[in-house]
Amino acid sequence: MERSAGSSHRRRRRSRPVLGGAMAVVAAAALTVTGLVSTAQAADVNNAKNAGFESGLANWTCTGGSGTVVSTPVHGGTSALKATPAGQDNAKCSQTVKVKPNSTYALSSWVQGGYAYLGASGTGTTDVSTWTPGSTSWTKLSTSFTTGANTTSVTVYTHGWYGQAAYFADDFEVTGPDGGGGEEPGPVIPAAPGGLAAGATTTSSVALSWNAVSGATGYTVYRDGTKATTSTGTSATVTGLSADTAYQFSVSATNAAGESVRSAAVSARTAKEGTGPGPGPAVPKHAVTGYWQNFNNGAAVQKLSDVPADYDIIAVSFADATPTQGAVTFNLDTAGLNGYTEAQFRSDIKAKQAAGKNVIISIGGELGTVRVDNDASATAFANSVYALMQDYGFNGVDIDLENGLNATYMTKALRQLSAKAGSGLVITMAPQTIDMQSTSGEYFKTALNVKDILTVVNMQYYNSGSMLGCDGKVYSQGSVDFLTALACIQLEGGLDPSQVGIGVPASTRGAGSGYIAPSIVNAALDCLTKGTNCGSFKPSKTYPSLRGAMTWSTNWDATAGFAWSKAVGPHVRSMP
């Protein structure tokens, strides 16, 4: 979801590029990483300097200040490159590497995130490049190049693509004969980690975090002296514990040279057995979902009590990531919300529920950095969301991860959460249009994987440009055909009609593009449920049990005098 609109606000969502129209998007999705791979000889060395970005951006140059060094996610060591395309800058980061003439070199790097390219160029070389359209986990790009008779240096580089999400890169290799610069020294056994601290606890888990150690490629966590789990980052959640029990934890750092001594131990006690928040009000057959902003970005500042009764599901936006991968917390922006207190917020949640509304916590948004891509992070996600449900009384969770989603582990996380919360759990999703073009997409796979416990998918029909409908034709956003032909993909792709909703901005300021008048939203709902008021696209059948509609956001709706909810709310309630 977009945290701001216009160019002056502090949080702005990046619009997805059309890439030459929907056909180009689909074609790009079918591409695979290609390139020549060369097997290095035993005497070869890695000629790249600061290949893992452990020394910041030393030896590297990034265009337009697009590059920075981050501590998560990393592939190896404690640092990686993050580069963000902006405008006409594709976030190119490069390094000049010394090489030998008439020699072959293997070039590789690990990448993650948005579109990422890897290549080499220079006088006398066979210029090469390879790329990937993006991934939610680390992917290795590999190619090779041959130097000319007089070539003594080449430029190796990586870059993203215009309008796409930031990419991450780590562990470069330019492997071949020593070009004169020599190989950087190998690793030494790292120091013991410092700053070990216990975080959130549940009846069966404890979240831990610690400080990064220079040269470490991983960490081992010990529980009462026995190995409990490992991590490549600076956090982990130890699971399988007994309720209301004290444990001692320590952690060591590891790399190719070996394992450090263990850190000083910390103690933590798991939570007592307790009861959850219990099932909330039943979601109506036809429902309107609205996102409530926990920040001030120029839209009307609201308390939850200000949200009109037309909204049946209120998604509190957003939870915040914690140092523990996958885990989330919530911090009410009291200052930004004109002094709205925790006590008022909690009281308003109860009042909305007493009025038959469901209040859920939304995970993600434009800047959301929550990653669930392994078993530990899936458990951390489930435990932390359930802890928020117990603490605030939230009725469920909304998945709005716009920077990538791993279907395997998000499915595990939601299954674990469902097991804790029970049958009253509300699960909603807000994928972007590109995420629901095919059942092979990670978002679509997740929705189908949890179909038995899923409440509704409110796809965002905006900020996308033209897209393919279920009939294979291209439709422009902002039209009734765009809504109906794209909804048809989900309806015919395996979701129950009761699990499909139409997500649109509440005003022209609520998104970068794709605002649709409430009358068009209502026409699309009529077309899908009754076969009336259709445009040029008319579905082959009707879907009377279609769930309803969603908007970003209740705050932008308020800014526009509640024109959206006053028009769409009654229309949804009048559906068959």
Side-chain angles (χ1 to χ4, degrees), residues 1 280-292 304 306-315 352-353 355-360 362 395-396 398 400 426-431 436 454-462 478-488 490-491 495-507 510-511 514-535 539 541-558 560-576:
M1 289 299 164
V283 175
K285 175 183 177 182
H286 301 302
V288 175
T289 301
Y291 286 79
W292 175 84
L304 277 182
D306 298 327
V307 177
D310 284 308
Y311 290 98
D312 303 294
I313 302 174
I314 304 170
K352 284 295 181 185
Q353 292 166 336
K357 311 302 181 182
N358 279 274
V359 182
I360 62 178
S362 182
N395 302 112
D398 170 68
D400 183 22
V426 175
I427 299 176
T428 69
M429 294 183 178
M436 302 299 285
L454 176 65
T455 306
V456 62
V457 175
N458 292 303
M459 189 175 77
Q460 302 175 42
Y461 292 76
Y462 52 95
S479 65
V480 66
D481 289 332
F482 188 77
L483 303 181
T484 55
L486 269 68
C488 174
Q490 300 169 62
L491 293 163
L495 292 180
D496 188 85
S498 66
Q499 296 173 320
V500 176
I502 295 175
V504 295
S507 74
Y515 170 74
I516 298 173
S519 60
I520 298 179
V521 177
N522 289 345
L525 294 172
D526 288 343
C527 179
L528 293 169
T529 58
K530 297 185 292 186
T532 62
N533 293 326
C534 298
K541 61 182 178 180
T542 58
Y543 309 91
S545 60
L546 191 83
R547 180 66 77 175
M550 171 275 282
T551 196
W552 176 263
S553 63
T554 65
N555 304 75
W556 286 117
D557 189 22
F562 297 109
W564 190 90
S565 57
K566 287 178 180 178
V568 177
H571 198 83
V572 167
R573 289 191 292 276
S574 70
M575 285 161 52

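Nothing fancy with the numbering, it's 1 onward along the sequence. The shown structure was predicted, so the numbers you read here are calculated from the model rather than taken from an experiment.
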Legend entry - Closest approach of S545 to P497 (non-hydrogen atoms, all atoms of both residues): OG-CB, 3.3 Å
Legend entry - Chi angles and distances behind the side-chain hydrogen bond (donor to acceptor under 3.5 Å, both in side chains) call for N358, Q353: CA-CA 6 Å; N358 279 274; Q353 292 166 336; over 6 Å; no
Legend entry - S498/D496 under side-chain hydrogen bond (donor to acceptor under 3.5 Å, both in side chains): CA gap, chis, key distance, verdict: CA-CA 5 Å; S498 66; D496 188 85; 2.6 Å; yes
Inset, instruction - Could you give me the CA-CA distance, side-chain angles and deciding distance for M459 and L486, then say whether side-chain contact (heavy atoms from CB on, under 4.5 Å) is met? - result: CA-CA 9 Å; M459 189 175 77; L486 269 68; 3.9 Å; yes
Legend entry - V500 side chain reached by R547 side chain, heavy atoms, under 4.5 Å: no
Inset, instruction - Any chance you could measure I360, atom CD1, to I314, atom CD1, to the nearest 0.5 Å? - result: 10.0 Å
Legend entry - Nearest atoms (heavy-atom pairs only) where P505 meets W564: O-CD1, 4.0 Å
Inset, instruction - Measure the shortest side-chain to side-chain distance between L528 and D526 over non-hydrogen atoms and say whether it is less than 4.5 angstrom. - result: no
Legend entry - Check: I520 and S479 side chains under 4.5 Å, non-hydrogen atoms: no
Inset, instruction - Can you see which heavy atom on D310 is nearest to which on P570, and at what distance? - result: OD1-CD, 4.0 Å
Legend entry - Whether T455 side chain and I427 backbone form a donor-acceptor pair below 3.5 Å: yes
Legend entry - Within-4.5 Å side-chain heavy-atom neighbours: T289 and Y311: no
Legend entry - Stepwise side-chain hydrogen bond (donor to acceptor under 3.5 Å, both in side chains) test for Y291 and D398: CA-CA 10 Å; Y291 286 79; D398 170 68; 2.9 Å; yes
Legend entry - Side-chain donor-acceptor pair present, S565, D557, cut-off under 3.5 Å: yes
Legend entry - Between CD on residue Q490 and CG on residue L546, distance to nearest 0.5 Å: 9.5 Å
Inset, instruction - Taking the side chain as every heavy atom from C-beta outward, state whether N458 and M429 have any pair of such atoms under 4.5 Å apart. - result: no
Legend entry - Heavy-atom closest pair, residues S553 and A506: O-CB, 3.6 Å
Inset, instruction - Take I313 and V283 through the side-chain contact (heavy atoms from CB on, under 4.5 Å) test and state the conclusion after the steps. - result: CA-CA 8 Å; I313 302 174; V283 175; 3.9 Å; yes
Inset, instruction - Please tell me if the side chains of L483 and I516 come closer than 4.5 Å, counting only heavy atoms from C-beta onward. - result: yes
Legend entry - For the student: nearest non-hydrogen atoms of D400 and S362, plus distance: CB-OG, 3.9 Å
Legend entry - Flag, side chain of H286 to backbone of S574, donor-acceptor distance under 3.5 Å: no
Legend entry - Gap separating the CG atom of L495 from the OH atom of Y543, nearest 0.5 angstrom: 11.5 Å
Legend entry - Close side-chain approach of I502 and Y461, heavy atoms under 4.5 Å: yes
Legend entry - Where K530 and T542 come nearest, the two heavy atoms and their spacing: C-CG2, 3.5 Å
Legend entry - Verdict with supporting geometry, V457 and M436, side-chain contact (heavy atoms from CB on, under 4.5 Å): CA-CA 10 Å; V457 175; M436 302 299 285; 4.1 Å; yes
Inset, instruction - Inspect the contact between K357 and D312 and indicate whether a charged nitrogen and a carboxylate oxygen are less than 4.0 angstrom apart. - result: yes
Inset, instruction - Please assess V572 against L525 for the test side-chain contact (heavy atoms from CB on, under 4.5 Å), listing each intermediate value before the final yes or no. - result: CA-CA 8 Å; V572 167; L525 294 172; 3.9 Å; yes
Legend entry - Contact check, side chains of Y515 and Y462, non-hydrogen atoms, under 4.5 Å: no
